[in-house]
Protein chains: 2
Amino acid sequence: MVTIRDVAKKADVSVATVSHVLNKTRFVSEVLRNRVEKVMAELDFHSNIVASGLRTKKTGSIGLIVPDNSNPLFAELAHLIEDVMFGAGYSVVLCNSANDLAREKAHIRTLRSKRVDGLIIIPSINDPEPINRLVGNDLPVVIMDRAIPGVNTDVILVGDFMGMKEAAQYLLRLGHRRIGYVDRPVDLPHSRERFRGFQDALQDANINLPPELIVRGGFRYEDGAQAVKKLLRNRPQPTAVVFFNDISAIGALRAAIDQKMRVPEDLSLIGFDDIPYCAFSIPRLTTIHFPKREMALKAGELLLRRIELGEEHQFETVTLPAYLVIRESTAKPKG
Amino acid sequence: MVTIRDVAKKADVSVATVSHVLNKTRFVSEVLRNRVEKVMAELDFHSNIVASGLRTKKTGSIGLIVPDNSNPLFAELAHLIEDVMFGAGYSVVLCNSANDLAREKAHIRTLRSKRVDGLIIIPSINDPEPINRLVGNDLPVVIMDRAIPGVNTDVILVGDFMGMKEAAQYLLRLGHRRIGYVDRPVDLPHSRERFRGFQDALQDANINLPPELIVRGGFRYEDGAQAVKKLLRNRPQPTAVVFFNDISAIGALRAAIDQKMRVPEDLSLIGFDDIPYCAFSIPRLTTIHFPKREMALKAGELLLRRIELGEEHQFETVTLPAYLVIRESTAKPKG
DNA sequence: GTGAAAGCGCTAACAC
DNA sequence: GTGTTAGCGCTTTCAC
């Protein structure tokens, strides 16, 4: 690997000069600058960022921890974040936590050792301690999507409560009275909020929510399928079901059709996230829009501000509105 | 940030000893080892991998360049690769090329500057030169999914030709004679292979493939929808359409239904990739299975071999079989 | 406008 | 068994 030294020697200048043309960090006469640049090209010189990082304490990389990059929501978020960070000159190290605390902590540890300039996390952790320790060590962190009580970072949330409440209200307005709810297997702040929004809407309308209509399902296709089958075993059957996320709603849609139910005539279904596929399923899925682009942008913005302006004060918590997108999987209950 | 020096001082040993307990790279008496480890924990020491990387020329990171992490195929591949690399102690820097050559080159340049230990690329580039230059500089690279003629790396391909041929043969066996084909907007080796497989099957059966049944569409939902609408304007209409990928097939499925076509009764549809959603669409999508797990595993294996064993010889090209998965979007043509 | 040189935090050869 | 120390390839202060 060719070094700055090699370039300096061949261009007959000092390493300082080479460094300065590299970083435009002080004036270099045109003659020398041209000479240096020519030699760099000739030698196919690629500045060693590891070495410069050792001096400058900047790596030009950030860590991004998501639960599961196979999930279309997280995949899109990861993509968008990579996009804004690329624009700002940073690379992103992508880590999947698999909803596993130990793994998440391992990734945090590694990322810290690698001296990433910042961290964006969609946490599986509910414990602020490992994260607060990072911040204490001057590592800018932004938490996305899931609130962790007591965390000292910027956090960007989605209007889970209101989004889900709006969905339930819509169903109520259509005339539904027996509405099922399918949750994640283990709850986290965001899922709790969504469920609260759902409950709140029913309560406002004085609708009873019997426990048999709440199922702790999962966030995968199969989970949604299983959950809806279970709900459909109830008598009377629910006329609508709301899901923690789109994927499980789509699995449920499939299972409902398999059970000869018509959607939405016999059963209304609502998801959450508004993944691209919702607009193409048959029927198209009514869902709550998750503002992915806005979240990625905001996350990038807040992180970059901490990194580059070194802001230390006031952590911000911003909540982006989620809103209902009415498509074709919802209708009035029959009868 | 606490350094090895701080630890050494506090534990009253030399930095060498600290380094050696850190890396288990030479024997350290239990007494000292315990003392050092205790101090490390007390000071919350996190070894600076940037610094060690400068000495060892290893960063413990690899680069992964995919066209678009929002695409479920690439998202899953990225996830799987992260998984195997995590298991081997590496982080992965994820980059989206957006099918843009300039961007892909920019990423390669950055990754090289960051001295990643290896690179896995799903190239948008057709030009072996930038990649061969990397290899010339001792950066292990493996190319996935798309062949680049003349490249000096390991490459892992999928049986595009045979997979697509099998799909077409299946359609032929069902009795289809007017079969449409929807390709990517600009072809790359893998799409060319797929198309060749399709052509080959028709040719074997002495079926004519009129140009109006071939559309250069795209790989997004909307593209598939547009493409199928265009195909359906032909008279006689095709009775089946094969798509370059699942996403466009799913978009087409939606559009076909919108045009009051029944799938598969009026129109058979086949995708490619077997993304998870295919098993849940209505109807479930017949497609060609893309061996994602096997590819990720193989890519990791080959890359790690180059990185850790420093193998220099013989580049390998492995082709993983792709096979037809018959679901519900295909049937005999009516009439 | 340019160069010399110290030093970032680690590893590893060498010395004892 | 353990310690000393010379770098790894850069950046940046200080000097001219």
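Naming: A, B, ... by sequence-line order, numbering from 1 per chain.
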Inset, instruction - Sort and list the pairs that fulfil salt bridge (charged side-chain N to carboxylate O under 4.0 Å, His left out) and have at least one residue in residues 135-153 of chain A, not counting sequence neighbours. - result: none

Could you list the donor-acceptor pairs under 3.5 angstrom formed between side-chain atoms of residues 121-128 of chain A and any protein atom two or more places apart in sequence or on another chain?
| from | atom 1 | to | atom 2 | distance (Å) |
| --- | --- | --- | --- | --- |
| A:S124 | OG | A:S97 | OG | 3.1 |
| A:S124 | OG | A:E104 | OE1 | 3.3 |
| A:D127 | OD1 | A:E129 | N | 2.9 |

Under 3.5 Å, side-chain donor or acceptor atoms of residues 295-302 of chain A against the rest of the protein: list the pairs with distances, not counting sequence neighbours.
| from | atom 1 | to | atom 2 | distance (Å) |
| --- | --- | --- | --- | --- |
| A:K298 | NZ | A:E301 | OE2 | 3.3 |

Inset, instruction - Only pairs at least two apart or in different chains count here, so list each salt bridge (charged side-chain N to carboxylate O under 4.0 Å, His left out) that has a residue in residues 75-100 of chain A. - result: A:D83-B:R103

Legend entry - Side-chain N,O (A:T17) to OP1/OP2 (C:dG3) below 4.0 Å: yes

Inset, instruction - Could you list all the salt bridge (charged side-chain N to carboxylate O under 4.0 Å, His left out) pairs where at least one residue sits in residues 39-67 of chain A, not counting sequence neighbours? - result: A:K10-A:E42, A:K38-A:E42, A:D44-B:R112, A:D44-B:R133, A:K58-A:D117

Inset, instruction - With a 4.0 angstrom cut-off to heavy atoms of chain B, pull out the first and last contacting nucleotide of DNA chain D, in 5'-to-3' order. - result: D:dG1 to D:dG9

Inset, instruction - Classify every nucleotide of nucleotides 10-16 of chain C by which part a protein heavy atom approaches to under 4.0 Å, writing B for the base, S for the sugar-phosphate alone and - for neither, in 5'-to-3' order. - result: BBB-B--

Inset, instruction - Would you please name every residue forming a side-chain hydrogen bond (donor to acceptor under 3.5 Å, both in side chains) with B:E316, sequence neighbours left out? - result: B:R305

Legend entry - Inter-end axis angle, the helix from C:dG1-D:dC16 to C:dC16-D:dG1, with every axis fitted to five base pairs (rounded, 10 degrees): 40°

Inset, instruction - Mind checking side-chain contact (heavy atoms from CB on, under 4.5 Å) for B:A78 and listing every partner two or more places apart, or none if nothing turns up? - result: A:N69, B:L64, B:N69, B:L94

Inset, instruction - Kindly state each residue pair satisfying salt bridge (charged side-chain N to carboxylate O under 4.0 Å, His left out) with at least one member in residues 21-36 of chain A, sequence neighbours excluded. - result: none

Legend entry - Nearest-nucleotide 5' precedence on DNA chain D, B:E30 against B:L54: B:E30

Inset, instruction - Output all residues satisfying ring pair (Phe, Tyr, Trp, His ring centres under 6.0 Å) with B:F45, sequence neighbours left out; order by chain, then residue number. - result: none

Inset, instruction - Could you tell me whether A:F86 and B:H107 have their ring centroids closer than 6.0 angstrom? - result: yes

